[in-house]
Amino acid sequence: MSNVKSYSDVKLLNRVRKTEGFKGIPKDYWILGVQSNEDAYNQFDDKFYIWKGNKFVMVVEGTTNAGTTGLKNYSKYNSKGVAVIKTDEWYYDLWKYGLHRGRMPALKQIKKIKFYRDWNKNNKVEETGKLYESIIGINFHTVLYEKKLSFWRKLIGGWSVGCQVVNHVGKYYEVLGLVKNQSSVSYCLLKEW
């Protein structure tokens, strides 16, 4: 269950317009992630808001942070630490429809994203240290390779080591159905305020 407080459409749009890198609201569908200040360890406590232009479409729960696997066992993926996406930033045309790990319909990263490497193996995802910018496979996907529409998970585990992950399979496929025919999908990631 998400710990992010509720915001009105107006407050969300006002906030994204003041966010670093803002060039305008995309005309097509786009995704707004709001990361919980609480950052409950290994929990799906964030929200994704789906928009079409200035019009709010739906909200789904998920995670913008890595789970236990990424935080504690990152060396399997990168010896410098787990990827932590820089919040309060716009990432225009970040994703396009494809497959996550060749198995799950997803939005795949096609443009550079800004991120840090968290290496201290504690229970918090931290935006500290060197800021990187690269294409590293930060995809938007859900929590199961099979299409069981009522499925959700209690813990993140290995389902995110940097990816942005929706925690309800059915709602995820609703989102994917809206955006999959676009040439690209933009993303704005905010820290709860």
Side-chain angles (χ1 to χ4, degrees), residues 1-7 12 16 19 30-51 58-74 76-78 81-91 94-95 100-101 103-109 113-128 136-146 148-176 179 185-193:
M1 183 168 177
S2 176
N3 297 326
V4 173
K5 59 182 151 186
S6 295
Y7 297 99
L12 288 169
V16 300
T19 299
W30 58 281
I31 300 170
L32 168 62
V34 179
Q35 189 177 87
S36 166
N37 280 330
E38 185 178 343
D39 185 21
Y41 174 66
N42 204 35
Q43 303 285 319
F44 291 93
D45 65 347
D46 303 323
K47 290 183 181 178
F48 298 106
Y49 297 83
I50 314 307
W51 299 81
M58 66 187 291
V59 63
V60 294
E61 294 178 359
T63 186
T64 63
N65 293 322
T68 299
T69 301
L71 285 171
K72 306 289 185 173
N73 301 307
Y74 58 76
K76 180 178 176 182
Y77 304 94
N78 190 299
V82 69
V84 178
I85 306 309
K86 182 182 181 300
T87 57
D88 298 322
E89 188 83 36
W90 268 95
Y91 301 103
L94 178 65
W95 294 309
H100 175 67
R101 294 192 174 179
R103 296 176 58 196
M104 177 193 305
L107 295 178
K108 290 193 57 128
Q109 184 186 0
I113 196 165
K114 295 178 182 177
F115 62 97
Y116 301 90
R117 290 282 181 193
D118 188 331
W119 52 268
N120 62 11
K121 297 189 179 183
N122 66 8
N123 293 347
K124 290 290 180 187
V125 174
E126 297 151 317
E127 294 182 62
T128 59
I136 56 170
I138 298 296
N139 299 333
F140 182 85
H141 62 81
T142 191
V143 294
L144 189 70
Y145 287 109
E146 295 80 34
K148 295 181 181 177
L149 298 181
S150 62
F151 189 87
W152 61 274
R153 291 189 187 276
K154 182 172 171 127
L155 302 175
I156 299 167
W159 284 98
S160 177
V161 291
C163 287
Q164 311 296 278
V165 182
V166 175
N167 189 28
H168 188 284
V169 175
K171 290 182 180 180
Y172 167 74
Y173 279 101
E174 283 182 49
V175 173
L176 206 59
V179 303
V185 179
S186 295
Y187 184 50
C188 180
L189 178 59
L190 301 178
K191 191 71 152 170
E192 185 179 14
W193 72 98

Is the number of heavy atoms from other residues, nucleotides or ligands within 6.0 Å of NZ (Lys148) greater than 12?
no

Practice problem: Say whether, by atom type as modelled, one donor and one acceptor occur between the side chain of Trp152 and the main chain of Gly170 under 3.5 angstrom. | Solution: no

If we only count heavy atoms from C-beta on, is the Arg153 to Leu144 side-chain gap below 4.5 Å? yes

Sorted by chain and number, sequence neighbours left out, side-chain hydrogen bond (donor to acceptor under 3.5 Å, both in side chains) with Glu126 holds for Asn120, Asn122

Hits for salt bridge (charged side-chain N to carboxylate O under 4.0 Å, His left out) against Glu192, two or more places apart or cross-chain, chain-then-number order -> none

Sequence neighbours excluded, the answer for side-chain hydrogen bond (donor to acceptor under 3.5 Å, both in side chains) partners of Lys72 is Asn123

> Just wondering, do Val166 and Val175 contact through their side chains at under 4.5 Å, heavy atoms?
Replying inline: no

Separation between CG (Asn139) and SG (Cys163), nearest 0.5 Å, reads 4.5 Å

Heavy atoms of Ile138 and Ala83 approach each other most closely as CD1-CB, 4.3 Å

Across all chains, not counting sequence neighbours, the ring-ring contact (aromatic ring centres under 6.0 Å, His included) partners of Tyr173 are none

Sorted by chain and number, sequence neighbours left out, side-chain contact (heavy atoms from CB on, under 4.5 Å) with Trp119 holds for Tyr74

Taken in chain and number order and not counting sequence neighbours, the residues that satisfy salt bridge (charged side-chain N to carboxylate O under 4.0 Å, His left out) with Lys171 are none

Should Ile85 and Gln164 count as side-chain neighbours, where that means a heavy-atom distance under 4.5 Å? yes

Value for NE2 (His141) from CG (Leu176), rounded to nearest 0.5 Å, stands at 12.0 Å

>> Could you check whether any side-chain heavy atom of Phe151 comes within less than 4.5 Å of a side-chain heavy atom of Glu146, counting everything from C-beta outward?
In response: no

**Item:** Flag, side chain of Asn167 to backbone of Phe44, donor-acceptor distance under 3.5 Å
**Value:** no

Do Tyr49 and Trp30 have ring centroids that are under 6.0 Å from one another? no

OH of Tyr187 to OG1 of Thr64, rounded to nearest 0.5 Å, is 5.5 Å

Leu155 meets the side-chain contact (heavy atoms from CB on, under 4.5 Å) criterion, sequence neighbours left out, with Asn42, Gln43

Check whether any side-chain heavy atom of Glu89 sits under 4.5 Å from a side-chain heavy atom of Phe115, and report yes or no.
no

Taking the side chain as every heavy atom from C-beta outward, state whether Trp95 and Gln109 have any pair of such atoms under 4.5 Å apart.
yes

Min side-chain heavy-atom separation Leu107-Ile31 under 4.5 Å: yes

In this structure, CG of Leu71 is separated from OH of Tyr41 (nearest 0.5 Å) by 6.0 Å

Here the gap from Asn37 atom CG to Asp46 atom CG, rounded to the nearest 0.5 Å, amounts to 10.0 Å

Of all heavy-atom pairs linking Lys191 and Asp88, the shortest is N-OD1, 3.1 Å

* Indicate yes or no: at least one non-hydrogen side-chain atom of Val16 is less than 4.5 angstrom from one of Trp90. => yes

- Query: Quick one: does Ser36's side chain have a donor or acceptor within less than 3.5 Å of a partner on Val4's backbone?
  - Reply: no

Are Leu12 and Trp51 close enough, and set up right, to give a side-chain contact (heavy atoms from CB on, under 4.5 Å), and what steps lead you there?
CA-CA 11 Å; Leu12 288 169; Trp51 299 81; 3.9 Å; yes

Of Asn65, Thr87, Thr63, the one forming a side-chain hydrogen bond (donor to acceptor under 3.5 Å, both in side chains) with Gln35 is Asn65

In terms of heavy-atom contacts, Ala66 and Gly162 come closest through CB-N, 4.2 Å

Tyr172 side chain vs Val143 backbone, donor-acceptor pair below 3.5 Å = no

By ring-ring contact (aromatic ring centres under 6.0 Å, His included), Phe48 pairs with (sequence neighbours left out) Phe140

OH of Tyr145 to NE2 of His100, rounded to nearest 0.5 Å, is 4.0 Å

Those residues at least two apart in sequence (or on a different chain) that pass side-chain hydrogen bond (donor to acceptor under 3.5 Å, both in side chains) with Asn73 are none

Sorted by chain and residue number, the side-chain hydrogen bond (donor to acceptor under 3.5 Å, both in side chains) partners of Lys108 (sequence neighbours excluded) come out as none

Across all chains, not counting sequence neighbours, the salt bridge (charged side-chain N to carboxylate O under 4.0 Å, His left out) partners of Asp39 are none

The ring-ring contact (aromatic ring centres under 6.0 Å, His included) partners of His168 (sequence neighbours excluded) come to none

